Visitor: 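Can you read through this structure? Questions will come right after.
Being a predicted model, the structure only gives us computed values, none of them experimental. First listed ligand is number 1; within each ligand, the first listed atom is number 1.
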Amino acid sequence: MADAESLAQRLIAADFSRRGGVLQVGGLDLATLAETYGTPFFVYDAALMRRAYRALSEAVAGFAEVDYSVKANPRPDIIRIFADEGAGAEIASGAEYAAALAAGVAPERILFAGPGKSDADIERVVSGGIGEIHLENVEEMARVTAAAARHGRRISVAIRVNPGPDAQGGAMRMGGKPSPFGFDEEELDAVVDRIEAESHLCLVGLHLFAGTQGLSASTLLAQWAYGLRLAARVAARIDRPLDTVDLGGGLGIPYFAGDTALDLDAIRAGIPSLKTMIAVEPGLATARIVLEPGRYLTGPAGLYVARVRAVKHSRGQHFAITDGGMHHHLAASGNLGQIVKRDYPVAAVLDEGDAVHRPWSVVGPLCTPLDILARAALLPDLAAGDLIAVLQSGAYALTASPTGFLSHPLPAEILVDEGRATLIER
Ligand SMILES: Cc1ncc(COP(=O)(O)O)c(C=O)c1O
C-alpha cells in the first residue's frame, strides 16, 4: 500500500511535477485541463513518448530498429509521434493499418501480425501495400496466398513462431506451451517448406514475440538471442539471407509496488554479443532486426483523470466514487488479465504533501463491484469535486476497455506537446 503510493510519487517526481500542489503534465495544469475538457479524460505527454523512443533506440543502436506496436494506443496523433522519430508500425487489424497510414507510416514499414486476420483486412493490406504479413496458421497462409494471387502479386511474409520452453519469459507467458499465436517451433521446418512452395508468397522473415510486460533485461536479451537462432535456422533452410527478424515487443513498465523499471543500461550491455551472433551468421548479416514495443513507449506518458462525485465512509473504509472507471480503464481495475489484483499508481491531482494520507478505495460509477480504480491508494482526504489521476495509463487503457458497458460517454483524449493541449481523435 505504502509502496504503491511511493511508486506514484516516484513517477511524478521523475516524469511530471506539481505547481502549488497541482499535478502538471508537460507543464500544463491538470485542474485547468479538467475545467476545459471535462472529466474523465486521458492525457498523454508527447515529450515522454519521444524520450522513451529515443532512449530505447539508443540502447539498441547498431542492433535493432524500434517500431511501434499500434495496439498499445492506436490514435494516429500518437502513432505519428513515433513515425516522426523514424519508427515503422506493427498492426493487428485493418483499422490499425488505416491509423498507421493516417499517421504517415509508409506501407512498406508496416508489419501485420495477429491470429485470425479477416479476409477483408488481408485484402485491404494486400491491395494497399504492406511490408510483411506475419503468418500464424495454415488457413491464413492459404488466404494470404489467395489474395496475393488475385492481385497478381508476391507478398512478403514472415513466420510467427510459438517458441519452445527455452524461450519463456515475461509476466504473460506466450511460449513453451500450447498457443493460438504463431506456428509451434516444432513444425518450423515444415512450415518453411510449405511457404517456399507457394509462388505468391516470399518468405523474408521470422517473428518471435515471447511475452509482454518483461521487466528483466536478461530475460529479454535471452529471448532476442533465441529469436536470432531460430531465424538463422530458417535462413539456412531456405539457403538465402532473411530480410527481417522481428523480435517482438514486451518491454515492461512498473505498475505495482515492488516493480522495478527495466534496466536499459543492462539491455545496452547485452547488445554487443547479439551483434556478434549476427555478424558470424551469413543468413542474418544483412537482416533488419526489429523490436516492436507498445507499452514501453506509451504507457508512462498517459494519465487517466477522474473527478470525485461522492465520498462515503462505509464500515471503516473510505470510498471515493468518481466519474471514471473500468469502462475506460479496465486494466487499472485489475480485470485485464491480472491474476492478483493490485493497484495501479494513483495520486490526488491536488496534493500539498503535508496532509495526512490514508488508504482510499477509488471506485467508478458502474453498478458492479468490479468497477474499482484503486483498492487502497494512500491519498490525502478527498471530497466531492476533487480530482484523482491514474498513472501508467498510456497503453492498453481506453481501447482495451469495455466502453459500451453501462452506456456512459467516452472520455476525452488530450495530447500535450510543447506546452499545448490538443483534443485528439476518438
Ligand atoms: C505481435 C505483438 N507485437 C507487439 C506487441 C506489443 O507488446 P508490448 O506492448 O508488450 O510491447 C504485442 C502485444 O500483444 C503483440 O501481440
Visitor: So between G249, G252, S69, whose heavy atom ends up nearest atom 6 (C) of ligand 1?
Guide: S69
Visitor: Using a strict 4.0 Å cut-off to heavy atoms of T212, name the atoms of ligand 1 that fall inside it.
Guide: 8 (P), 10 (O)
Visitor: Which word best sums up how the rings of Y53 and F82 line up, parallel for under 30°, tilted for 30 to 60°, or perpendicular for over 60°?
Guide: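 Ring orientation, 0 to 90° scale: tilted.
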Visitor: Any chance CD of E186 has more than 12 other-residue heavy atoms, nucleotides or ligands included, within less than 6.0 Å?
Guide: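 Above 12, so yes.
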Visitor: Any Lys/Arg nitrogen of E58 or R268 sitting under 4.0 Å from an Asp/Glu carboxylate oxygen of the other?
Guide: yes
Visitor: Take every heavy atom of F181, measure it against each atom of ligand 1, and state whether any distance is under 4.0 Å.
Guide: no
Visitor: Which ligand 1 atoms, with their elements, are less than 4.0 angstrom from a heavy-atom of Y396?
Guide: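 Those of ligand 1 that fall under 4.0 Å from Y396 are 6 (C), 7 (O), 8 (P), 9 (O), 13 (C).
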Visitor: Please classify the Y296 to ligand 1 contact at 4.0 Å (heavy-atom distances, strictly less than): side chain, backbone, both or neither.
Guide: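 It is neither part, as no heavy atom is under 4.0 Å.
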Visitor: Any N or O of G248 that comes nearer than 3.5 Å to an N or O of ligand 1?
Guide: no
Visitor: Does ligand 1 have any atom sitting under 4.0 Å from a heavy atom of G250?
Guide: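 Contact check G250 vs ligand 1: positive.
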Visitor: Just go through E90, K71, E292 and tell me whose heavy atom is the nearest to atom 14 (O) of ligand 1.
Guide: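 The nearest heavy atom belongs to K71.
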Visitor: Should the pair D417-R50 be classified as a salt bridge under the 4.0 Å nitrogen-to-oxygen rule?
Guide: yes
Visitor: Closer than 4.0 angstrom, basic N to acidic O: yes or no for D343 and R375?
Guide: yes
Visitor: Please confirm whether H207 comes under 4.0 Å of ligand 1, counting heavy atoms of the residue only.
Guide: yes
Visitor: On the 0 to 90° scale, with breaks at 30° and 60°, tag the H328-Y304 ring pair as parallel, tilted or perpendicular.
Guide: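 Rings of H328 and Y304: perpendicular, over 60°.
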